[in-house]
Amino acid sequence: MKHTRKYLMKSFRIAFVGFVLILCNSCDDVIDQASDISKGELTQRFGDGLDIDNFSLAVSGLYSELRPIIGLDNHHLTSWFADDMASGITSGKFSDFDAIRPSRTTNDHATKINGFINFQTSIANVVNVIQEGIDTATDETNPADIELANIYLGELKALRAYALFWYSQHFGRGLVVPGFGENITSVTELADLYKLIELDLLAAEEVLPNKHPDDVGAEGAQVNGAGRPNKGSAQAFLARVYLNWAGWPIKDESKYALAAEKAKAVIDNRSVYDFELMPVFEDLWRVENRRNKEAVWLIEYIANENEQENRKYGIRGRLGTDDAGGWDEHLGEVRFWEDFPEGPRKEGTYRQELEGLWMSHPTNKLPVYAKITGPDGDLDDVQDGFRTNRSDFFIRYADVLLMFAEASGRAGQENAQAWEALNDVRRRAYPEGTPDVGPADGNLADLAFEERKWEFAAEYMRWHDLVRMQIVEDALRDKAPRTTMVDGVLLTEQNPIDPSVDLSPDSYFEAIPASVLSRLGL
């Protein structure tokens with residue numbers, strides 16, 4: 001039996017109602033919120049027992065609910081606080097976040113929180129029905145169906161962990177709906193939130209296979225990367241959670257060893273999971289490589305489908321004076337660009353051929369990220385200039401390598417494999433012949449952390465790294481350009497941070513918007 005479900009023809013729109021996929025010809029159809037669909041109604045629609053085909057559709061359908069939540073740039077608003085991302089002075093909320101103004105808006109975060117609450121409720125409903133099907137299995141039930149149903153449960157727990165981890169990074173706490181055995185209906189503090197995320201991911205690691213059975217292409221063809229989480233995806237996600245858990249504010253340094261252990265498990269089994277570094281850094285950002293072997297866990301989008309596109313790229317990262325009519329939003333800090341080590345990685349990170357254009361911009365003299373616009377010509381013809389099917393690489397194999405190196409160093413477990421992991425990333429990043437680094441060059445953890453700064457520029461990760469290492473003020477108080485001159489004048493910092501802005505740990509996390517707490521009666 002094949003359980004793969006290909007996306008339907010463009011004339012149809014896939015929408016998720018609770019955990020039912022509805023095929024509709026009109027984009028005017030009203031989609032009910034998942035929280036309005038009870039478990040009883042779901043069971044009645046699909047019947048009792050292991051209805052594997054509909055379980056497959058239901059789990060696939062959850063991604064149709066996830067994409068509109070994470071496919072917009074307000075999913076990563078705090079990224080503009082960091083020292084890698086900048087915004088044009090006329091781009092509204094992005095320039096406000098870039099300057100870390102005290103009047104930070106919370107409307108966009110309220111929208112995201114509400115979306116994740118609904119998403120968690122949808123997951124809980126699907127989990128309950130699948131679990132009931134497993135619990136009522138008989139001796140006549142196909143064991144392969146039970147195994148697949150358990151894989152779906154593991155996938156759902158990994159997806160819920162995704163939502164909970166987003167809360168943890170932005171608010172230092174989270175909102176958890178019932179559905180996984182925990183009777184939690186209120187705000188969950190960070191230490192307990194990490195424990196819930198850990199439980200979900202350990203459960204996912206236990207049941208997810210080396211390759212998700214539904215993560216295949218047309219007619220069952222092999223595809224690159226993990227678009228549906230596999231065992232390696234869960235292990236890599238655990239490594240990321242442990243790395244954050246070991247940092248500020250919990251500072252449970254015992255978690256560094258666990259982070260190294262889980263990252264090492266991915267590295268040791270990379271051939272089984274079919275993960276590896278892309279040979280050419282720039283090629284990671286090409287649409288044709290939206291699925292590649294470096295993607296330890298990716299989120300796929302469907303271009304030209306209603307709210308199923310990735311809307312964070314393309315002209316959002318281009319300049320307003322560009323022929324493409326850019327929006328001056330997802331740009332780079334000049335100082336960060338100045339400090340960026342030369343080599344293939346810098347050439348693949350920035351649109352170097354646009355250097356003269358941004359330096360001559362009348363108001364927004366800021367570098368252009370190739371990671372956002374796509375390499376030259378790659379995203380020029382997408383719908384509206386920004387509706388793309390580019391994947392989000394939630395975790396790249398390069399991240400696994402650097403997490404292993406950093407966590408090993410911080411756990412006092414420096415070893416040859418950890419140094420090799422760091423150097424694997426460096427060999428792609430720097431000109432051929434650049435020597436490897438080793439103990440004589442410095443502390444392994446510090447060198448790996450520094451490497452993250454350059455490897456993941458403009459990937460919406462830098463702010464969270466600054467927070468966990470409690471170095472926000474050190475990184476942000478001096479972002480002014482040092483060497484870049486235009487017409488003999490040194491460039492100034494755009495959207496500078498007011499000296500009165502609090503950059504202490506007291507300001508690292510955002511407050512959960514009052515409108516969300518009111519909705520939940522909290």
Side-chain angles (χ1 to χ4, degrees), residues 15-22 31-52 54-70 112-136 148-168 171 173-188 192-208 228-229 234 237 241 299 512 516-517 519-522:
F16 186 64
V17 181
F19 90 104
V20 182
L21 284 176
I22 294 180
I31 303 175
D32 295 327
Q33 291 295 337
S35 56
D36 295 332
I37 307 298
S38 70
K39 172 180 173 294
E41 290 174 310
L42 294 173
T43 303
Q44 185 177 21
R45 293 181 188 192
F46 283 137
D48 296 324
L50 285 172
D51 192 349
I52 287 295
N54 279 317
F55 288 175
S56 177
L57 282 171
V59 178
S60 298
L62 280 164
Y63 290 90
S64 292
E65 187 171 353
L66 178 63
R67 290 186 198 103
I69 300 172
I70 68 174
K112 292 301 170 188
I113 292 177
N114 286 322
F116 274 128
I117 291 171
N118 292 337
F119 183 58
Q120 290 179 89
T121 303
S122 298
I123 291 174
N125 285 334
V126 179
V127 164
N128 289 338
V129 174
I130 294 179
Q131 187 63 62
E132 184 172 308
I134 294 172
D135 292 343
T136 57
L148 186 54
N150 277 300
I151 289 172
Y152 289 144
L153 289 182
E155 179 176 12
L156 293 171
K157 292 185 178 184
L159 285 171
R160 185 178 82 146
Y162 183 110
L164 297 183
F165 190 64
W166 181 84
Y167 289 138
S168 77
F171 306 103
R173 52 185 186 156
L175 298 163
V176 184
V177 303
F180 286 77
E182 307 93 0
N183 186 24
I184 300 173
T185 56
S186 61
V187 175
T188 302
D192 291 329
L193 192 64
Y194 279 145
K195 292 175 184 176
L196 292 176
I197 296 169
E198 179 187 36
L199 285 173
D200 277 351
L201 291 175
L202 288 172
E205 179 189 18
E206 182 70 22
V207 298
L208 288 174
R228 304 281 288 271
F237 194 178
V241 172
I299 305 297
I512 295 177
V516 174
L517 297 177
R519 169 195 171 185
L520 298 176
L522 301 173

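In this text the structure is predicted, and so the values were computed from the model without any measurement. Throughout, numbering of the chain's residues begins at 1 and tracks the sequence.
- Listed here is the closest heavy atom pair of L201 and A234: O-CB, 4.1 Å.
- L175 and V516 make their closest contact through CD1-CG1, 3.6 Å (heavy atoms, listed as atom of the first residue, atom of the second, distance).
- When every heavy atom of P229 is checked against every heavy atom of Y63, the shortest pair comes out as CD-OH, 3.4 Å.
- Not counting sequence neighbours, the partners of Y162 by the ring-ring contact (aromatic ring centres under 6.0 Å, His included) test are F394.
- Side-chain atoms of E65 do not come within 3.5 Å of backbone N or O of I123 as any donor-acceptor pair.
- F119 pairs in a side-chain contact (heavy atoms from CB on, under 4.5 Å) with only one of the listed residues (N114, I70, V177, L62), which is L62.
- Smallest separation of non-hydrogen atoms from A158 and F237: O-CE1, 4.1 Å.
- Here the side chain of S60 pairs no donor or acceptor atom with the backbone of L57 at under 3.5 angstrom.
- Here L164 contributes atom CG and R160 contributes atom CZ; the two are 5.0 Å apart, rounded to the nearest 0.5 Å.
- Counting all heavy atoms, side chain and backbone alike, F116 lies closest to L66 at CE2-CD1, 4.2 Å.
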Give the C-alpha distance, both sets of side-chain angles, the deciding distance and a yes or no for side-chain contact (heavy atoms from CB on, under 4.5 Å) between L193 and I197. CA-CA 6 Å; L193 192 64; I197 296 169; 4.3 Å; yes
V241 vs E198, test: side-chain contact (heavy atoms from CB on, under 4.5 Å). Steps then yes/no. CA-CA 8 Å; V241 172; E198 179 187 36; 5.5 Å; no
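- Note that the CG atom of N125 and the CG atom of L156 stand 11.0 Å from one another [nearest 0.5 Å].
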Test side-chain contact (heavy atoms from CB on, under 4.5 Å) applied to Q131 and N128, step by step: CA-CA 5 Å; Q131 187 63 62; N128 289 338; 5.8 Å; no
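- Here the CG atom belonging to L148 is positioned 9.5 Å from the CD1 atom belonging to I134, to the nearest 0.5 angstrom.
- A pairwise comparison of heavy atoms in I113 and Y167 identifies O-OH, 3.7 Å as the closest pair.
- Between L153 atom CG and K157 atom NZ the span is 6.5 Å, to the nearest 0.5 Å.
- Between the CD1 atom of I52 and the CZ atom of F55 there is a distance of 6.0 Å, given to the nearest 0.5 Å.
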